[in-house]
Amino acid sequence: MAISAAMVKELRERTGAGMMDCKKALAETDGDMQKAIDYLREKGIAKAEKKAGRIAAEGAVTAYLTADAKVGAIVEINCETDFAAGNEQFRELSAKVAKHIAETNPADLDALNASQLDGKDVAALITEATATIGEKISLRRFARYESAGRVATYIHMGGKIGVLVELSGGDEQLGKDIAMQIAAASPLAIDRSGVTADHIEHEKEVLRKQALEEGKPEKIIEKMVEGRINKFYEEVCLLEQKFVKDPEQKVSAVLGSVEVKAFTRFQLGEGIEKKQEDFAAEVAAQMQ
C-alpha cells in the first residue's frame with residue numbers, strides 16, 4: 001500500500017513520533033493506522049503521547065559559539081523538573097541542538113524540528129528523549145547570529161538565563177561583559193529607537209496616574225512625566241544603563257566605538273504558567 005504524506009502527518013500528530021519513524025511504522029503495518037500506533041508504542045517511540053499535556057517549564061537555555069566567535073546560537077529546551085534538567089542525556093541533547101542551530105541556520109522552529117541531526121529529524125530526537133527521560137521534553141525557542149564582527153554568549157545559573165549578542169567588533173572580554181550586562185539588567189532595547197511607541201505611551205499613562213495619586217498639580221504633571229520617562233529610558237535601554245561591573249560608567253562608554261547590533265535574552269520558563277503542586281493533596285488522592 002502506498003503511504004501518503006497525509007497518513008504520515010496524522011500518525012505523527014496522534015503519537016508525537018518523528019516523521020521517519022511514522023513512515024516506517026505505516027510501511028511495516030501496510031498502512032493500518034491503529035497497528036502503526038501499536039507498532040510505535042511497542043518500540044517505545046510513542047511513549048511521549050501521554051506526556052503531551054504536561055507543563056514543561058523547567059529545563060535549560062544552552063549556547064554554542066564557534067571558535068572564531070563569528071556564529072553563535074542559544075536554545076531553550078524545557079522539561080518538567082529540575083532533576084530532569086540535570087540529566088546528562090538532557091544536557092547532551094541541548095548542547096547538540098544548539099550546535100546544530102549554529103551550523104544549519106534553520107528558518108524557524110518547524111524547520112528546526114524537521115531538520116536532520118544524527119540521521120533523524122530533531123522532532124524525533126525530542127520524542128525519544130521524552131520517552132527515555134520520562135518527562136515531557138519541549139523545544140521552545142532559539143536564536144542565531146552570524147557576524148562580520150563578533151558574537152558573544154553568556155549562560156547564567158546553569159541555564160536559567162541565556163544571552164546572545166552581536167557586536168561590530170571588540171575582544172572576547174568586551175563580548176562577555178556586554179552579554180553579562182544583558183543577563184543582569186534585562187534591557188528592552190539597544191537604544192531609545194528600539195522602544196515601541198505603544199510601550200512609551202503605556203509608561204507615560206502609568207506615570208501620569210502616579211503623579212495624580214501623589215497629589216501633584218496637573219499643570220506640572222507633563223513635565224514630571226517627561227523627566228521620569230528619561231529615567232525609564234536609562235533603565236530599559238542597554239546603551240543608557242549603568243554598567244553592572246562599574247556603575248560609574250554607562251554601557252555606551254564601555255563600548256566606545258563598538259556597536260551592539262542585536263541581542264537576545266532568554267529567561268528559562270518565562271511566560272509559561274507553571275503547575276502548582278499540592279503534595280499533600282496528591283498523597284491523599286493516591287491513598288483513596
Side-chain angles (χ1 to χ4, degrees), residues 1-62 64 73-144 159 269 272 275 286:
M1 178 181 178
I3 307 301
S4 69
M7 293 168 66
V8 175
K9 181 175 183 291
E10 180 184 349
L11 183 58
R12 184 173 182 177
E13 288 174 350
R14 291 178 65 175
T15 64
M19 181 174 63
M20 296 307 296
D21 288 320
C22 289
K23 187 174 181 180
K24 182 179 179 182
L26 287 164
E28 290 287 334
T29 58
D30 200 28
D32 187 304
M33 189 63 65
Q34 190 55 53
K35 287 182 179 179
I37 292 172
D38 291 341
Y39 175 93
L40 291 171
R41 289 183 63 196
E42 290 163 6
K43 297 292 183 182
I45 297 171
K47 288 182 181 178
E49 185 177 16
K50 294 181 180 179
K51 300 176 178 67
R54 296 185 184 175
I55 297 172
E58 299 298 334
V61 180
T62 306
Y64 176 82
I74 57 171
V75 60
E76 178 180 348
I77 300 181
N78 299 120
C79 55
E80 297 175 54
T81 66
D82 277 335
F83 180 77
N87 179 287
E88 185 177 348
Q89 182 185 354
F90 181 87
R91 293 288 179 177
E92 287 179 357
L93 174 65
S94 297
K96 189 178 292 185
V97 171
K99 183 179 180 182
H100 179 68
I101 291 165
E103 292 176 343
T104 62
N105 192 21
D108 51 30
L109 272 177
D110 287 340
L112 174 58
N113 276 311
S115 64
Q116 293 291 297
L117 176 58
D118 291 347
K120 299 179 180 180
D121 57 55
V122 170
L125 293 178
I126 297 294
T127 300
E128 288 178 2
T130 296
T132 57
I133 293 174
E135 290 189 8
K136 179 182 177 181
I137 309 298
S138 176
L139 178 54
R140 187 183 185 202
R141 53 184 174 170
F142 71 90
R144 178 189 184 274
I272 299 176
K275 181 179 179 181
Q286 288 179 357

Smallest separation among heavy atoms of [X] and [Y], with atom names:
X	Y	result
Ala73	Ile101	CB-CG2, 3.8 Å
His100	Leu117	ND1-CD1, 3.8 Å
Leu40	Asp21	CD2-O, 3.8 Å
Ala85	Phe90	O-CD2, 3.5 Å
Leu11	Ala25	CD2-CB, 4.2 Å
Glu80	Lys136	OE2-N, 2.6 Å

In Å, rounded to the nearest 0.5 Å, how long is the span from CD1 of Ile3 to NZ of Lys23?
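It comes to 9.0 Å.
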Can you tell me which residue pairs pass the salt bridge (charged side-chain N to carboxylate O under 4.0 Å, His left out) test with a partner in residues 106-134, sequence neighbours excluded?
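For residues 106-134, and leaving out neighbouring residues, the salt bridge (charged side-chain N to carboxylate O under 4.0 Å, His left out) pairs sorted by first residue read Lys96-Asp118, Lys120-Glu128.
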Side chains of [X] and [Y], heavy atoms from C-beta outward: is any pair under 4.5 Å?
X	Y	value
Leu93	Ile126	yes
Val97	Leu125	no
Val75	Leu139	yes
Asp30	Lys35	no

I'd like to know if the side chain of Thr130 reaches the main chain of Ile137, judged simply by a donor and an acceptor atom lying under 3.5 Å from each other, with no hydrogens or angles considered.
yes
Tell me if a side-chain donor or acceptor on Asn78 pairs with a main-chain N or O of Glu58 at a distance below 3.5 Å.
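Judged by distance alone, yes, a pair lies under 3.5 Å.
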Around Met20, counting heavy atoms of other residues, nucleotides and ligands shown, do more than 12 lie under 6.0 Å from its CE?
no
Could you work out, with salt bridge (charged side-chain N to carboxylate O under 4.0 Å, His left out) as the rule, every residue matching [X], not counting sequence neighbours?
X	result
Glu92	none
Asp82	Lys160
Arg140	Glu76

Test side chain to side chain donor-acceptor pair (under 3.5 Å) applied to Glu10 - qualifying residues, sequence neighbours left out
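Side chain to side chain donor-acceptor pair (under 3.5 Å) list for Glu10, sorted by chain: Arg14.
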Can you list everything that forms a side chain to side chain donor-acceptor pair (under 3.5 Å) with Thr81? Sequence neighbours excluded, please.
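Here the qualifying residues are Glu135.
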